[in-house]
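Single-structure report; data block below.
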2 protein chains.
Amino acid sequence: MSDNHTLGSLIWLRLVRFTNRSHQMTNDFLKRFGLTTAQFDVLVQVRTFQPLNQLELAGKLTVTEGGISRMLARLEKDGYIERKQGWKTKTIRLTTRAEAVMAQAFPAQLAFQTSFFDETLTEEEQRTLYELVTRLQKHSTNKSVPQE
Amino acid sequence: MSDNHTLGSLIWLRLVRFTNRSHQMTNDFLKRFGLTTAQFDVLVQVRTFQPLNQLELAGKLTVTEGGISRMLARLEKDGYIERKQGWKTKTIRLTTRAEAVMAQAFPAQLAFQTSFFDETLTEEEQRTLYELVTRLQKHSTNKSVPQE
DNA sequence: TAAAATCACTTTACTACTCAACTGATACGA
DNA sequence: TCGTATCAGTTGAGTAGTAAAGTGATTTTA
């Protein structure tokens with residue numbers, strides 16, 4: 001281990017480059033359905049948890065309220081979601097158009113995403129990776145930034 | 001394993017949420033040095049590989065040429081880097097100001113980043129994770145998006 | 001019951017990226 | 001020597017995010 005790196009920092013770098021590349025390729029892949037990676041990500045969450053409000057959705061996507069507000073405005077304009085102002089909150093649902101697109105896009109994207117892993121890791125290795133990454137991800141939601 | 005998920009897609013989701021959260025927390029952490037995560041990432045690469053040109057740098061950061069062009073324009077304006085027009089290419093170097101900032105920021109950020117891993121995984125587990133992620137990352141640089 | 005707090009969401013100004021069209025300099029073939 | 005190709009970098013238009021201030025309707029409290 002050199003002065004300039006720790007095992008953790010090397011893992012971090014690989015993770016960032018990998019997720020970045022995958023994000024770009026997923027964007028490219030999803031073009032055939034007229035969706036971006038971020039839009040697809042939102043639609044999957046809405047599809048799974050609808051009806052839900054904006055704050056709940058922001059939490060699930062690890063994005064701020066402001067970010068969700070804009071994103072949903074675009075998706076609404078494009079006819080993918082509906083927002084209904086209820087008692088204090090806006091309730092989000094997929095439109096039938098989005099349901100139709102997702103019925104095609106979801107299994108295709110699932111297969112594409114899965115191929116990244118199936119082409120390099122055995123099932124045993126994937127299980128190990130899932131366990132380690134799950135611990136990391138759960139820890140990161142509790143962790144806070146140290147004081148200055 | 002349900003109809004809606006594969007092991008690979010579950011790993012992917014955890015990875016995206018984890019890198020996203022870490023990115024946000026790193027932004028927060030680096031504020032004390034007046035840097036963003038993206039700027040820090042660029043400065044580390046320049047520090048390590050200088051002198052280098054913009055295309056080389058774009059490759060290392062898995063970012064497009066256009067993205068690097070804008071980013072470097074900002075960093076130059078803020079006095080962190082210098083660009084010298086050579087035979088066809090622009091050669092990038094850190095300024096003494098950036099060297100001074102990085103001498104402080106680099107070890108601090110290294111320790112912060114490392115803590116994410118040291119607080120949840122044993123050294124043995126980190127070694128395993130590094131090996132698996134390395135294979136994934138290398139594979140992702142060769143892989144291409146399937147035809148429509 | 002009028003002022004203050006709360007709550008979900010929006011907006012403003014910004015960073016950071018994408019793709020694709022463009023610039024400007026050098027090289028090269030007819 | 002005059003197009004033409006190439007090549008590094010820039011730019012325009014757009015998406016996607018951030019932090020922080022603002023809105024507007026309720027609800028609490030003094």
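From a predicted model like this one, the values you see are computed outputs, not experimental measurements. Here is the naming used below: chain letters follow the sequence lines, and residue numbers restart at 1 for every chain.
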Nearest-Å distance for atom pair CD1/C1', residues B/I68 and C/dC19: 16 Å
Could you state the CZ-C1' distance from A/R21 to C/dC17, rounded to the nearest angstrom? 14 Å
Is A/R83 close enough to C/dA8 that one of its side-chain N or O atoms is under 4.0 Å from OP1 or OP2 there? no
Check whether any side-chain heavy atom of B/L75 sits under 4.5 Å from a side-chain heavy atom of B/L43, and report yes or no. yes
Please tabulate, for the side chains in residues 59-66 of chain B, all donor-acceptor contacts under 3.5 angstrom to protein atoms that are two or more places apart in sequence or on a different chain.
{"residue": "B/T62", "atom": "OG1", "partner": "A/N20", "partner atom": "ND2", "Å": "3.0"}
{"residue": "B/T64", "atom": "OG1", "partner": "B/G67", "partner atom": "N", "Å": "3.3"}

Scan residues 18-33 of chain B for pairs that pass salt bridge (Lys or Arg N to Asp or Glu O under 4.0 Å), counting only residues two or more places apart or in two chains. none
Using a cut-off of strictly less than 4.0 Å between a heavy atom of the residue and any atom of DNA chain C, enumerate the qualifying residues of residues 48-59 of chain B by number. none
To the nearest Å, how far apart are B/E65 CD and D/dT6 P? 16 Å
Sorted by chain and residue number, the side chain to side chain donor-acceptor pair (under 3.5 Å) partners of B/T37 (sequence neighbours excluded) come out as B/N27
Under the side chain to side chain donor-acceptor pair (under 3.5 Å) definition, can you give me all pairs with a residue in residues 106-118 of chain B, not counting sequence neighbours? A/T6-B/T114, A/K143-B/S115, B/D118-B/Q126
Verify the neighbour count for atom CD of A/Q85: are there more than 12 heavy atoms of other residues, nucleotides or ligands below 6.0 Å? yes
Partners meeting ring pair (Phe, Tyr, Trp, His ring centres under 6.0 Å) with B/F116 (sequence neighbours left out): B/F112
Under 4.0 angstrom, heavy atoms only, what part of the nucleic acid is B/S69 near: base, sugar-phosphate, or nothing? base
Between A/K31 and C/dC19, is there a contact of a side-chain N or O with OP1 or OP2 at under 4.0 Å? no
Annotated protein contacts, base or backbone, on nucleotides 12-17 of chain D with a non-hydrogen cut-off under 4.0 Å, one of B, S, - each: BB-SSS
Rounded to whole angstrom units, what separation is found between the NZ atom of A/K90 and the C1' atom of C/dT10? 8 Å
Using a 4.0 Å heavy-atom cut-off, write out nucleotides 21-28 of chain C from 5' to 3' as B (base contacted by protein), S (sugar-phosphate only) or - (no contact). -----SS-
Please list all pairs passing the salt bridge (Lys or Arg N to Asp or Glu O under 4.0 Å) test where one or both residues lie in residues 95-116 of chain B, with sequence neighbours left out. none
Please report, to 0.1 Å, the donor-acceptor pairs under 3.5 Å made by any side chain of residues 45-57 of chain B, with sequence neighbours excluded.
{"residue": "B/T48", "atom": "OG1", "partner": "B/V44", "partner atom": "O", "Å": "2.8"}
{"residue": "B/Q50", "atom": "OE1", "partner": "B/L94", "partner atom": "N", "Å": "2.9"}
{"residue": "B/N53", "atom": "OD1", "partner": "B/L55", "partner atom": "N", "Å": "3.1"}
{"residue": "B/N53", "atom": "OD1", "partner": "B/E56", "partner atom": "N", "Å": "2.9"}
{"residue": "B/Q54", "atom": "OE1", "partner": "B/R83", "partner atom": "NH1", "Å": "2.8"}
{"residue": "B/E56", "atom": "OE1", "partner": "B/N53", "partner atom": "N", "Å": "3.0"}

Salt bridge (Lys or Arg N to Asp or Glu O under 4.0 Å) partners for B/E125, two or more places apart: A/R135
In whole angstroms, the gap separating P of C/dT10 from CG of A/L75 amounts to 13 Å
With A/E123, which residues qualify under salt bridge (Lys or Arg N to Asp or Glu O under 4.0 Å), at least two apart? A/R127
